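Step one of this worksheet: look at the structure below.
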Amino acid sequence: MDLRRLHSLLRKRYETEGWWPASSPWEVMVGALLTQQTSWTNVDKAIAELGRRGVLEPAAMASAPTKELEEAVRCCGFFRQKAERLRGMAAHIMEEHGGDPDGLLSRPDARERLLERPGVGPETADSILAFGAGRPCFVAAAYCSRILSRTGILETSDYCSIQDFVHNEIGRDTGALTELYALMVEHAKRHCRSSPRCDGCPLNDGCRFGP
DNA sequence: TTCCCGCAGG
DNA sequence: CCTGCTGGAA
């Protein structure tokens with residue numbers, strides 16, 4: 001089992017159409033902060049609620065009352081942190097980039113700049129770059145480590161090591177990298193959970209957890 | 001390692 | 001009722 005084969009097998013099994021729905025780079029950024037340890041159904045609700053309250057766009061969000069943001073994102077959990085982080089990001093976009101998220105995302109050092117923002121770690125930064133700015137960088141989620149390890153493809157939990165490995169194996173193609181990430185998330189939810197559900201798993205042939 | 005946190009799904 | 005969620009920071 002290698003990464004190419006895994007990609008191929010997952011592609012036959014799962015659908016990634018309409019993955020990470022967002023109407024703008026800014027919505028990708030908002031979603032990326034909200035979806036940490038949170039299912040997308042709740043993120044979707046929160047984004048709709050932010051829009052309903054008129055505090056979704058950077059300018060409004062930056063000056064919104066804390067309580068307003070907290071109530072809007074409450075359903076995502078960790079709502080105090082997330083409200084603060086959202087407002088911090090919005091304020092940064094307003095102050096440093098004239099309210100235009102692309103001002104940040106188009107910079108060569110966008111990743112480093114994102115990582116300086118409170119609440120933005122490697123995974124969140126890369127998901128913003130890949131889905132919001134179309135950059136060819138793989139999002140090496142915790143799920144990926146689990147799947148690659150169990151299948152014996154790569155034995156490490158180090159973020160950068162996993163990302164480098166995938167970049168080398170798949171190539172710097174945004175479509176392929178985002179698709180693989182989405183497929184691995186779907187697979188982790190369906191079969192490769194913390195307690196494995198190997199029954200009907202498309203990777204059973206070649207996985208050490210398989211029958 | 002632990003805390004942050006509510007909620008959808010089974 | 002119990003799991004797990006498209007993580008990050010202290």
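The sequence lines fix the lettering, A, B, ..., with proteins before strands; numbering per chain opens at 1. Everything quoted here is computed from the prediction, not taken from an experiment.
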### Contact pattern, 5' to 3', of nucleotides 3-10 of chain C - B, S or - by protein heavy atom under 4.0 Å
-SBBBSS-

### Integer angstrom distance from the C1' of B/dC7 to that of C/dA9
23 Å

### Task
Round to the nearest Å and state the distance from A/R74 atom CZ to B/dC4 atom C1'.
13 Å

### Query
In whole Å, what separates the C1' atom of C/dT3 from that of B/dC5?
15 Å

### Query
Is it true that A/H187 and A/Y14 have ring centroids separated by less than 6.0 Å?
yes

### Query
Any salt bridge between A/R107 and A/D109, counting N to O under 4.0 Å?
yes

### Query
Is there a donor-acceptor contact under 3.5 Å from the side chain of A/R135 to the main chain of A/L105?
yes

#### Entry: Distance, C1' atom - from C/dT6 to B/dT2, rounded to whole angstrom
22 Å

### Integer angstrom distance from the C1' of C/dA10 to that of B/dG6
22 Å

### Message
Suppose you measure atom P in C/dG8 against the same atom in B/dA8; what distance do you get, rounded to whole Å?
### Response
24 Å

#### Entry: Single-linkage hydrophobic cluster A/L148~A/I170, side-chain heavy atoms < 4.5 angstrom
yes

### Task
Look at the aromatic rings of A/W19 and A/F131 and report parallel, tilted or perpendicular, splitting at 30° and 60°.
tilted

### Query
Is the shortest distance from a Lys or Arg side-chain nitrogen in A/E169 or A/R4 to a carboxylate oxygen in the other one below 4.0 Å?
no

### Task
Please report, rounded to the nearest Å, how far the P atom of B/dC5 is from the CG atom of A/L86.
13 Å

### Query
Over how many whole Å does the gap from A/K82 atom NZ to B/dC7 atom P extend?
12 Å

### Summary
Of A/R197 and A/F79, the one whose nearest nucleotide on DNA chain B sits closer to the 5' end is A/F79

